[in-house]
Amino acid sequence: MSKNKVLNLKDKIDGNEMDLSLCNLTEVPVKELAAFPKVTVLDLSCNNITSLPLEFCSLSHLVKVDLSKNLMTVLPDDLGRLGNLQHLDLYNNKLTILPVSFSQLKNLKWLDLKDNPLEINLAKAAGDCLDEKQCKQCAARVLQHMRILQDEVDKERERRFLKDKELEKKKETKQREREAKEKEARKRDKAEEKERKRKEYNAHMAALAIQEQKNKRKEEKKKRNGQIAADKKAAESAPKARRRSLIGLLFKLLLLGLAGVVGVCQLTGLKEEAVCVPINVAVDDGLSWVREQEVDVRVRKLVDEVDIRARELLQKLSSLVPQLLEPLGVVPTATEPVETVEN
């Protein structure tokens, strides 16, 4: 409201009362009314007010309020904050219900709800308000009715609170169960992963062991094959060596035998025998053939040296011949000295 209207409100004050009836108001000037805390009686009757603003409930200094003959369909939910209110006139409005907080108006002594389309239970509780006594009874019965409603509302609120709490508890329980399942699943997955890695490790180690065994058997087989080859080679070479040794021995024996035969036929009385004659002739022819050959002086010297050594060997053998022939009963005859071959 403007400053002039504020001054006009001052003109509406008489002691502790303010009369704003028949002012054609559509809303209550709460901010301006709050400036007059000494006003405890407020008359707003016979206006076009449809509702009270929430700020109206802050005017806790009000003791008597007349809102009769207006167009209100609802009262603010916090109406119970008007703790000092004792007299309330709501005659001829359009109210159907009262706010539950109405039960908190503990100091209310007088109430008029006539000519309002109240819901059935509230209308029964309100009854008539044709005189002072009935209006006081109306206040008492309505307060009692509203307290019952307040209790029901409180119970409903408590029930909703408990229900919400139970739902929250169930939700938390489900959340914990879900978290426990997730934790168990993670633990199981971790254990399975660990078991998988352990199996992979064991399989890897087993594969390494098998490969090592294969390599070991392969190495052993290689060694055995090498040993067998070496033994086979040794077995094959041994007969050859023995054969070579036997051939060498036989050759030596043959040479010794030939030398012995030649010695016997040249140095003993057997040289006239028919067996020795061809041998002696062959030896003499050979020596003669060598002498007749035109060879180098060094070769002739070598032949002469060989002849001398041969005759020395024959002389040595001649001394052994009697010993060899004596067990056989053969007595050798004296032999003539062997003459040195002349050049």
For Cys57 and Pro76, work out which heavy atoms get closest and say how close.
-> SG-CG, 3.6 Å
Could you check Val65 against Leu82 for side-chain contact (heavy atoms from CB on, under 4.5 Å), going step by step and ending with a plain yes or no?
-> CA-CA 11 Å; Val65 176; Leu82 299 175; 5.7 Å; no
Asp131/Lys133 under salt bridge (charged side-chain N to carboxylate O under 4.0 Å, His left out): CA gap, chis, key distance, verdict | CA-CA 6 Å; Asp131 54 29; Lys133 181 178 180 180; over 6 Å; no
Criterion side-chain contact (heavy atoms from CB on, under 4.5 Å) on Leu143 and Lys106, from CA distance to verdict = CA-CA 8 Å; Leu143 284 176; Lys106 298 179 181 180; over 6 Å; no
What do you reckon, is NZ of Lys114 surrounded by more than 12 foreign heavy atoms closer than 6.0 Å?
-> yes
Looking only at heavy atoms, which two atoms of Asn84 and Ser60 are closest? And how far apart?
-> ND2-O, 2.9 Å
Heavy-atom side-chain proximity of Leu52 to Leu67 below 4.5 angstrom = yes
Donor-acceptor pair, side chain of Asn70 and main chain of Ser68, under 3.5 angstrom | yes
Residue of the set Asp19, Val41, Val39 for which side chain to side chain contact (heavy atoms under 4.5 Å, CB included) holds with Ile13 = Val39
Is any side-chain heavy atom of Leu90 less than 4.5 Å from a side-chain heavy atom of Met72?
-> yes
Distance, nearest 0.5 Å, that separates CG of Leu113 from CG of Asp89 = 9.0 Å
How close do Asp112 and Cys129 get, heavy atom to heavy atom, and via which atoms?
-> OD1-CB, 3.5 Å
Establish whether Ile49 and Phe56 are linked, either directly or via other cluster members, by ILVMFWY side-chain heavy-atom contacts under 4.5 Å.
-> yes
Cluster link Val74 to Leu98, ILVMFWY, side chain under 4.5 Å | no
Under 4.5 Å between any side-chain heavy atoms of Glu193 and Asp189, yes or no?
-> no
Taken to the nearest 0.5 Å, the spacing of Cys46 SG from Asp66 CG works out to 8.0 Å
Cluster check Leu33, Leu75: I/L/V/M/F/W/Y, side chain < 4.5 angstrom = yes
Distance (rounded to the nearest 0.5 Å) between Arg217 CZ and Arg224 CZ | 10.0 Å
How close do Leu20 and Asn47 get, heavy atom to heavy atom, and via which atoms?
-> O-ND2, 3.1 Å
Residues Arg160 and Glu156 bridged, charged N to O under 4.0 Å | yes
Can you run down the ring pair (Phe, Tyr, Trp, His ring centres under 6.0 Å) pairs that involve residues 58-115, sequence neighbours left out, and say none if there aren't any?
-> His87-Trp110
Salt-bridge criterion met for Lys174 and Glu177 (N-O under 4.0 Å) | no
Taking everything shown except Leu130 itself, do over 12 heavy atoms lie less than 6.0 Å from its CG?
-> yes
I would like to know whether Lys155 and Glu152 meet side-chain contact (heavy atoms from CB on, under 4.5 Å); could you show each step before the answer?
-> CA-CA 5 Å; Lys155 290 179 181 179; Glu152 292 177 355; 5.6 Å; no
For Glu184, side-chain contact (heavy atoms from CB on, under 4.5 Å) partners two or more places apart | Lys187, Arg188
Begin from the C-alpha positions of Thr96 and Thr73 and carry the test side-chain contact (heavy atoms from CB on, under 4.5 Å) through to its verdict.
-> CA-CA 7 Å; Thr96 57; Thr73 59; over 6 Å; no
Would you mind checking if Lys183 and Glu179 are paired as a salt bridge, meaning a charged N to carboxylate O distance below 4.0 Å?
-> no
Is any side-chain heavy atom of Glu182 closer than 4.5 Å to a side-chain heavy atom of Arg186?
-> yes
Looking at Lys163, Lys165, Lys171, which one forms a side chain to side chain contact (heavy atoms under 4.5 Å, CB included) with Leu167?
-> Lys163
Are Leu42 and Leu25 joined in one hydrophobic group, where the rule is that I, L, V, M, F, W and Y side chains link up if heavy atoms are under 4.5 Å apart?
-> yes
Answer yes or no: does atom CD of Gln144 have more than 12 heavy-atom neighbours from other residues, nucleotides or ligands under 6.0 Å?
-> no
For the hydrophobic clusters of this structure (ILVMFWY residues joined by side-chain heavy atoms under 4.5 Å, transitively), does one cluster hold both Leu108 and Val63?
-> no
If you round to the nearest 0.5 Å, how far is CG of Leu122 from CD1 of Ile97?
-> 9.0 Å
Just wondering, more than 12 heavy atoms not from Asn48 lying within 6.0 Å of its CG?
-> yes
Distance, nearest 0.5 Å, that separates CD of Gln150 from OG of Ser101 | 7.5 Å
Lys222 side chain reached by Lys218 side chain, heavy atoms, under 4.5 Å = no
Is Arg157 salt-bridged to Asp154, cutoff N-O under 4.0 Å?
-> yes
Output yes when Arg198 and Glu195 qualify as a salt bridge under the 4.0 Å nitrogen-oxygen rule, no when they do not.
-> yes
Please answer whether the main-chain N or O of Ser58 pairs with a side-chain N or O of Arg81 as donor and acceptor at a distance below 3.5 Å.
-> no
Going through the checks in order, is the side-chain hydrogen bond (donor to acceptor under 3.5 Å, both in side chains) test met by Glu219 and Asn215?
-> CA-CA 6 Å; Glu219 187 66 23; Asn215 293 338; over 6 Å; no
Residues at least two apart in sequence or cross-chain that pass side-chain contact (heavy atoms from CB on, under 4.5 Å) with Glu212, listed by chain then number, are none
What one should report as the nearest heavy-atom pair of Leu71 and Lys94 is CD2-CE, 4.0 Å
Hey, what do you get for CE (Met18) to CG (Asp43), rounding to the nearest 0.5 Å?
-> 11.5 Å
Is Leu85 close to Asn107 at the side-chain level, that is, under 4.5 Å between some pair of heavy atoms?
-> no
Please report the shortest heavy-atom distance between Ala126 and Val142, naming the atom on each side.
-> CA-CG2, 3.7 Å
Is there a side-chain contact between Gln137 and Asp128, using heavy atoms and a 4.5 Å cut-off?
-> no
